[in-house]
Undergrad: 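Pasting a structure below so you can have a look.
Chain letters run A, B, ... following the sequence lines, proteins first and then strands; every chain starts at 1. All heavy atoms count here, side chains included; hydrogens, waters and symmetry mates do not.
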Amino acid sequence: MSTTEQAWTPTGPTDDDRDAGTAPESVPVRITPARPPVGTPGVAAVSIVLVLALLGLGTVLLRELLVSTAVNGEVLVPGDPWLAPVAASATGVIRSSLTLAVAVAVGLLGLLLVVSALKPRPSPTSRLVGDDDAAISFDVDERGLTALAADAALGVTEVETSRASGGRRRMVVHVSVDPRAGYDRSAIAGQVSRLVQERLSGLRPPPRVAVRVHGDSSR
Amino acid sequence: MSRGVIAVDRVVVLLAGLLLLGGGTLTVLWQVRRLELPGPSVADGFDTLRSLPEHPLWSWGLGVVGVLSVLVALRSLWVHARRGRIGPVALAGTGTGGRLRVDLSAVAHAAAQTLAAGDPVESAQGTAVVDRGRQVVQLLARTDASVDLDQLQREVDATVADLAVMLNDSPVEVRVLLDVRRGRVDNPRVR
């Protein structure tokens, strides 16, 4: 830890500094751990799409004003109005299969919007909690968890290669062993499971670990 | 993106969704003859719509609505693109005699450098962010999957202890993200 102390020390003296001298580890840590990070909610993307649609609508409305306004006998922008003919030709709605299809589509779109509006923000990471005296926990994404699990499996001597899939609740670890050696596969699976549980012991609650032992190492 | 922006997004999208859902449902009910619209008032509505383009204020009305739409849309895009920035943070000891302030980004950067100097961490980045209304020093440490988590915890705790000294009693929170990479797939002990 000597590198830590030399590489970076607080620039201004504080009460804690005087107490701590050159050993910041002895200071009671009073830092507040932040909550786990959250991702951008889907509703933000939906909202951007709606905003762009609003921008398009506004542009069309402005265009309508410009093509239908004349100053000193000259129209501001040459072109035909789009909205006036549409409004003038509106006669009503008739019952037809097209009307039904459009209504169903509109209703489903509305349902999607409601669901996206109520969906909570995604939490891309899981928290690895340290010992009781640890000052702070680690936030690890799913890829990191599988990497830790797969690497832990290599702690078993008989395992040649390993990979893992899954997440914070359930982890599936695939390991390969020499098919000619005649190992006791259930014993190897047990050892791998124990090591993976140990490596991921910081997860609350601990994940269920399933181990698949393969005899073909060419994978 | 701040919590306020997301809250407004939720309300707007929810209202738009309820509107579409309600309109679609009513139309379907009408289509399958479970619902009868009051014929005369609907016909009146369409009569009004047809006569609207003849109104003297038709194009100006459209123009005003168009300008408002464009302004609201541009403002909303700008708000979505804006990132929360953290100004200098007041430290304990700030009082009538003077002010102690610290640039959180610089603190985060320095802490990351300290962390990266240790063995278990290959590289580290430190940023200061506003997350759900709190000021957070965020350390992103890249490590190999074979890392000794206990040793890493000791390194990180030492860095966090430094931060605690530095940010003495200020309302700043700390978060450590691990970016775990897998350097090897084969077991070196097998060969």
Side-chain angles (χ1 to χ4, degrees), chain A residues 1 3-4 7-8 10 14 16 24-25 27 29-32 34 40-41 43-44 46-48 51 54-55 57-58 61-62 64-65 68-69 84 87-88 90-92 95 99-100 103-104 106-107 109-111 113-114 116-117 130 134-136 138-140 144 147-148 151 154 157 159-161, chain B residues 1 6 9-10 12-14 16-18 20-21 23-25 27-28 31 46 49-50 52-53 59 62-63 65-66 69-70 72-73 76-77 80 110 113-114 117 131 134 136 145-146 153 156-166 168 173-178 180 182 185-187 189-190:
Chain A
M1 292 305 171
T3 54
T4 305
W8 186 61
T14 63
D16 282 345
E25 286 92 335
V27 176
V29 174
R30 280 174 301 160
I31 208 85
T32 317
T40 307
V43 70
V46 175
S47 169
I48 298 274
V51 164
L54 185 68
L55 192 62
L57 175 73
L61 293 180
L62 278 176
E64 194 79 5
L65 170 67
S68 57
T69 305
T91 50
R95 288 190 170 102
T99 313
L100 183 66
V104 169
V106 166
L109 181 65
L111 193 63
L113 292 190
V114 169
S116 81
I136 198 154
F138 301 139
D139 294 315
V140 191
L148 286 172
D151 186 84
L154 296 182
T157 315
V159 169
E160 291 185 343
T161 65
Chain B
M1 210 173 293
I6 290 172
D9 280 355
R10 286 192 192 282
V12 169
V13 171
L14 183 66
L18 288 177
L20 293 183
L21 187 59
T25 308
T27 310
V28 168
Q31 177 79 33
F46 277 101
L49 183 60
R50 273 199 304 280
L52 271 183
S59 51
L62 291 187
V65 176
S69 301
V70 169
V72 168
S76 174
L77 285 179
H80 277 94
Q113 277 187 330
T114 310
D131 181 359
R134 311 288 182 86
V136 177
S146 60
Q153 183 80 57
V156 169
D157 280 357
T159 305
V160 168
D162 279 353
L163 275 171
V165 172
M166 177 77 186
N168 186 18
E173 302 180 353
V174 178
R175 168 188 300 149
V176 179
L177 300 171
L178 286 193
V180 186
R182 202 166 179 220
V185 178
D186 295 342
N187 197 337
R189 284 185 282 186
V190 173

Undergrad: For B:V13 and A:S116, work out which heavy atoms get closest and say how close.
TA: CG1-OG, 3.7 Å
Undergrad: Give the member of B:S76, B:G24, B:G23 that has the highest number of heavy-atom pairs under 4.5 Å with chain A.
TA: B:G24
Undergrad: At a heavy-atom distance under 4.5 Å, which candidate from B:V70, B:V72, B:T27 has the highest pair count against chain A?
TA: B:V70
Undergrad: Considering non-hydrogen atoms only, spot the tightest contact between B:L49 and A:A90 and give its length.
TA: CD2-CB, 3.6 Å
Undergrad: Specify which of A:V104, A:V51, A:D139, A:V46 makes the most heavy-atom pairs with chain B at under 4.5 Å.
TA: A:D139
Undergrad: Any side-chain heavy atom of A:V114 sitting closer than 4.5 Å to one from B:L14?
TA: yes
Undergrad: Treating B:Q153 as the side-chain partner and A:F138 as the backbone partner, does any N or O pair qualify as donor plus acceptor under 3.5 Å?
TA: no
Undergrad: Pick whichever of A:A103, A:G144, A:G130 has the most heavy-atom pairs under 4.5 Å with chain B.
TA: A:A103
Undergrad: What part of A:T99 lies closer than 4.5 angstrom to a heavy atom of chain B: side chain, backbone, both or neither?
TA: both
Undergrad: Any idea which of B:V136, B:D131, B:I6, B:L18 has the most non-hydrogen atom pairs under 4.5 angstrom with chain A?
TA: B:I6
Undergrad: Given a strict heavy-atom distance threshold of 4.5 Å, which part of B:V28 is in contact with chain A: side chain, backbone, both, or neither?
TA: both
Undergrad: Going from CG on A:L54 to OG on B:S69, what distance comes out if it is rounded to the nearest 0.5 angstrom?
TA: 4.5 Å
Undergrad: So which heavy atom on A:A88 is nearest to which on B:P53, and how close?
TA: N-CG, 4.3 Å
Undergrad: Looking at chain A, which one of B:V174, B:L21, B:L62 has the largest number of heavy-atom pairs inside 4.5 Å, strictly under?
TA: B:V174
Undergrad: Tell me, side chain or backbone of B:L52 under 4.5 Å from chain A's heavy atoms, or both, or neither?
TA: neither
Undergrad: Identify the heavy atoms of A:V43 and A:A117 that sit nearest to each other, and give their distance.
TA: CG2-CA, 3.8 Å
Undergrad: At a heavy-atom distance under 4.5 Å, which candidate from A:I136, A:L148, A:I48, A:T40 has the highest pair count against chain B?
TA: A:I136
